[in-house]
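Shown next, in structure tokens, is the structure this report addresses.
Just so you know, these numbers come straight off a predicted model, no measurement behind them.
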Amino acid sequence: MRTDSPSGTVRIGITGMTCASCVTRVEKALRGVEGVQSASVNLATETASVEATEVPIAALQQAVERAGYGIATDEHDLAIEGMTCASCVGRVEKALGKVEGVLSVSVNLATETARVRSLRGTPRSALEAAVSAAGYGIKPLQAQGQPLPAVGRAGFSRETRHLLLAALLSLPLLLPMLLMPFGVHWQLPGWAQWALATPVQFWLGARFYRAGWGALKAGSGNMDLLVALGTSAGYGLSVYNLFAATATHLGLPLYFESSAVLITLILFGKWLEARAKRQATDAIRALQALRPERARVLRDGVEIDLAINAVSLGDVVVIRPGERIPVDGIVLEGSSHSDESLLTGEPLPVPKAPGERVTGGAVNGEGRLLVRTSAVGAESALARIVRLVEDAQAKKAPIQRIVDKVSAVFVPAVVAIALLTLLAWGLGSGHWSQGILNAVAVLVIACPCALGLATPTAVMAGTGVAARAGILIKDVEALEETRRLRAIAFDKTGTLTLGKPVLMQAQALDGNENRLLELAAALQAGSEHPLAHAVLEAARARGIAFAAAEDVAAIAGRGVRGRAGQRQLALGHARWMAELGVDLAGLQDSAAAASRAGHTQSWLAEETPQGWRVLGLLAFGDAPRPQTSAAIRELHALGLRTLMLSGDNRAAAGAVADRIGIPAADVHAEVLPEGKVTVIHDLAAESPVGMVGDGLNDAPALAAANVGFAMGSGTDVAMHAAGITLMRPDPRLVADAIDISRRTVRKIHQNLFWAFIYNVIGIPLAASGLLDPMLAGAAMAASSVSVVANALLLRRWSPRARSEPGEPAP
């Protein structure tokens with residue numbers, strides 16, 4: 001990150017200003033920064049001109065943000081060509097950080113991309129020039145800002161060809177060593193060895209010289225420099241001995257096989273890395289493959305086959321049975337089921353009927369659908385999911401920053417150790433040729449490929465498999481922070497519960513509950529009231545047939561009345577029943593129990609010649625989701641404390657908590673949105689806390705928590721405020737998100753351990769002459785491959801939320 005701006009005027013964009021007083025506040029904040037001589041803010045252009053002397057841009061940014069505003073920034077994604085190790089990552093980040101206006105840089109070795117955040121107006125050409133000056137190339141990006149895969153098919157094919165050629169040329173050099181244990185002593189002539197080793201060294205190994213030279217020109221080192229130095233030393237010593245042997249007729253040892261086989265092993269490691277990195281990006285590739293290329297649009301009564309980019313908002317799209325849905329939209333006509341498993345992780349097909357939303361990328365089931373388009377292209381749910389996963393994989397985990405600092409000094413330190421090894425053997429024992437071989441082994445064993453791949457490959461695998469399960473992780477900070485959570489606070493309505501009233505109890509005075517429901521459903525057959533829907537759903541669930549009542553009239557603030565057959569009925573709250581003179585004494589015990597549970601009550605009464613008499617009581621509540629109890633059990637099994645935050649009354653909140661297993665002491669009822677934030681702050685002061693919510697009123701608490709979890713069925717505001725989005729309303733996904741976070745961070749730690757342990761053990765062995773250069777090359781390749789392979793084990797992770805709703809996870 002660039003920390004200093006040159007003396008003179010700095011121009012920055014300001015966001016959030018609305019009036020002259022905003023201008024005054026921003027100017028005052030900027031003038032308060034040490035080193036700023038003057039600051040002038042223009043409301044019309046939303047810019048600030050700051051006259052300063054060597055003032056950190058970060059200081060200006062912090063001053064503006066403390067005043068309640070923001071600095072206008074741009075994000076640039078660059079595809080970098082030629083990076084091979086953690087040292088390369090450091091070089092590219094350092095080069096980009098020096099560009100004026102750059103605020104932050106994150107380079108990912110596994111995806112070979114860089115994400116640069118800069119002041120608005122910073123030219124992209126300046127960033128590309130900085131990368132080129134550092135000795136690397138810029139590759140094109142796909143449309144809509146989607147980076148190319150880490151290794152494209154063409155690049156992967158080239159790696160394969162080079163590996164096969166290197167193996168064919170190196171095998172005759174290695175053959176004598178392989179035959180020796182069987183008593184066969186055979187050796188190629190020296191000139192034949194030279195002829196086989198030279199193309200491997202300077203043609204197939206040219207990449208190491210090019211990249212190493214680029215590192216030297218930039219005043220730093222990288223893996224390629226170590227390989228180039230090491231193999232050149234072995235090759236050069238062999239050429240010297242070959243000419244000396246010809247001149248003196250002495251049988252001097254040749255080491256052509258060491259340098260050639262070494263390059264072949266490194267190419268093999270690179271090939272395995274490329275293959276593994278392609279597997280690590282399978283999640284994004286699978287999501288991208290869900291987007292159909294064409295859609296069948298209905299215009300003027302005629303079906304037209306169009307490219308997906310030609311579909312407009314409002315177009316009616318025809319989707320046949322078995323086809324992949326091309327757009328997001330609303331079903332206008334038809335009924336079917338939609339397989340959304342690859343988008344949300346939902347294992348069962350979801351029923352779709354007129355008025356229901358469908359998501360592009362899902363597979364239509366058995367019915368023909370007409371869908372009005374509501375989102376296409378970059379604004380579709382599928383495109384947003386892909387962007388979220390890419391964003392998470394592009395950013396750098398906090399632990400990776402420590403690795404980058406180590407890598408910055410790693411290569412120079414290794415070169416110094418190799419030089420000391422050479423001098424120690426040469427001056428100490430006079431065995432200069434052995435000293436060269438040992439120095440070569442030091443240079444090769446220490447290649448920092450594994451260090452650069454340890455973190456990003458684990459992050460890619462973890463976020464990818466999470467996305468397939470319906471868990472979208474916004475950034476790596478959220479991924480790493482989630483594992484530290486010790487408490488989870490849930491909003492009640494719509495998160496732990498269904499968010500709509502459900503008939504909880506039907507108590508008939510004569511004991512005939514079905515007859516009570518039949519009469520209540522007849523009264524409410526045409527009503528749109530939420531309680532009416534609850535009654536109708538309960539009647540249908542029990543298979544109760546009913547005919548709509550006649551002369552139905554809604555009485556404002558009281559209830560509804562009408563005639564079912566010959567019976568005059570009234571359905572409403574207790575106050576209306578009192579006005580009608582209905583005696584409720586026979587059901588008071590049931591009413592009291594419903595009140596203690598926080599249930600809403602409706603009474604059904606019938607008019608008789610003697611007056612109105614009560615028929616029964618209906619109690620409504622917000623029922624817990626079928627998966628909620630299992631979700632709470634799983635969180636407790638993971639060692640987390642669970643809490644409920646609700647604006648509902650204490651009785652209703654307590655009843656739900658009791659049913660799902662949250663202790664009464666951890667229920668915070670009748671809490672306003674501001675109160676939820678206060679509760680979260682108090683909890684966070686004790687230990688890291690997560691917040692789960694779905695509504696607009698949950699957004700402040702989601703932002704205040706260490707990690708916010710937003711239900712994908714909730715509002716956009718909640719999803720923007722959260723670090724993790726759950727693509728379906730299943731609370732068990734919270735435990736799954738914590739589980740994959742812990743597993744991913746554990747893989748990162750394991751990978752870093754293996755990356756370092758190879759060097760800690762290998763460098764002393766190589767320096768002492770106990771490690772042949774070829775074995776060193778094999779160990780170096782094995783370290784990179786083992787790191788990537790270990791990360792890919794995360795792909796075997798299976799979410800608990802795959803079990804049937806309401807059942808414990810396996």
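Looking only at distances, no side-chain donor or acceptor of S602 sits under 3.5 Å from a matching main-chain atom of L618. Distance alone, capped at 3.5 Å, is enough to place a donor-acceptor pair between the D328 side chain and the G360 backbone. The main-chain N or O of I319 is never found under 3.5 Å from a side-chain atom of R296 such that the two would form a donor-acceptor pair. One N or O on the side chain of D315 and one on the backbone of S312 form a donor-acceptor pair closer than 3.5 Å. With hydrogens and angles ignored, the 3.5 Å screen pairs no side-chain donor or acceptor of R743 with any backbone N or O of V745.
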ask   = Does the side chain to side chain contact (heavy atoms under 4.5 Å, CB included) test come out yes or no for S338 and E356, once each step is laid out?
value = CA-CA 11 Å; S338 171; E356 300 275 357; over 6 Å; no
request  = Give the intermediate values and the outcome of salt bridge (Lys or Arg N to Asp or Glu O under 4.0 Å) for residues E518 and R567.
outcome  = CA-CA 13 Å; E518 179 187 339; R567 308 176 72 171; over 6 Å; no
task = I would like to know whether F620 and H599 meet side chain to side chain contact (heavy atoms under 4.5 Å, CB included); could you show each step before the answer?
result = CA-CA 5 Å; F620 303 89; H599 294 158; 5.9 Å; no
request  = Could you go through the side chain to side chain contact (heavy atoms under 4.5 Å, CB included) check for L370 and V318 one step at a time?
outcome  = CA-CA 5 Å; L370 294 185; V318 181; 3.5 Å; yes
Side chain to side chain contact (heavy atoms under 4.5 Å, CB included) between I660 and F490, intermediate numbers included = CA-CA 12 Å; I660 63 177; F490 287 92; over 6 Å; no
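In this structure, S741 OG and I724 CD1 are separated by 7.0 Å, a value rounded to the nearest 0.5 Å. The distance from atom OG of S798 to atom CZ of R468, rounded to the nearest 0.5 Å, is 12.0 Å. From R486, atom CZ reaches atom CZ of R484 across 8.0 Å, with rounding to the nearest 0.5 Å. Between the CZ atom of R558 and the CD atom of E579 there is a distance of 4.5 Å, given to the nearest 0.5 Å.
With sequence neighbours excluded, the residues forming a side-chain contact (heavy atoms from CB on, under 4.5 Å) with E537 are K500, listed by chain and number. By the salt bridge (charged side-chain N to carboxylate O under 4.0 Å, His left out) test, R613 is found to be paired with E606, residues two or more places apart in sequence or in another chain being considered. Taking the side-chain hydrogen bond (donor to acceptor under 3.5 Å, both in side chains) definition, one finds that E366 meets it with H337, sequence neighbours left out. Residues satisfying the side-chain contact (heavy atoms from CB on, under 4.5 Å) criterion with R575, sequence neighbours excluded, are H573. With sequence neighbours excluded, the residues forming a side-chain contact (heavy atoms from CB on, under 4.5 Å) with L587 are Q507, L509, W603, V614, L617, listed by chain and number.
Here the closest non-hydrogen pair linking V317 and A295 is CG1-CB, 4.3 Å. When all heavy atoms are compared, the tightest approach of A737 to I471 is N-CD1, 3.7 Å. The nearest pair of heavy atoms linking L503 to A534 is N-CB, 4.0 Å.
I325 is not listed as a side-chain neighbour of V371, based on a closest heavy-atom distance of 4.5 Å or more. With contacts defined as side-chain heavy-atom distances shorter than 4.5 Å, the pair D491/M711 does not qualify. With a 4.5 Å cut-off on side-chain heavy atoms, E634 and L638 do not count as touching. Within the 4.5 Å cutoff, the side chain of I680 has heavy atoms near those of the L645 side chain. When side chains are defined from C-beta on, I308 does not count as touching V376, because their heavy atoms never get closer than 4.5 Å. At a threshold of 4.5 Å between non-hydrogen side-chain atoms, the residues P624 and L496 do not count as touching. Inter-residue side-chain proximity for V679 and K676 is flagged as unmet; no heavy-atom pair is nearer than 4.5 Å. At a threshold of 4.5 Å between non-hydrogen side-chain atoms, the residues I488 and I738 count as touching.
Annotation for D510: atom CG counts as buried by contact number, over 12 foreign heavy atoms lying within 6.0 Å. Atom CZ of R372 has 12 or fewer heavy atoms from other residues, nucleotides or ligands within 6.0 Å.
Within the structure, the side chain to side chain donor-acceptor pair (under 3.5 Å) test picks out no pair touching residues 650-659 (sequence neighbours left out).
In summary, the side chains of N364 and S336 do present a donor paired with an acceptor at a separation below 3.5 Å, with no hydrogens or angles considered. Side chains of D739 and W797: a donor-acceptor N/O pair is present below 3.5 angstrom, by distance only.
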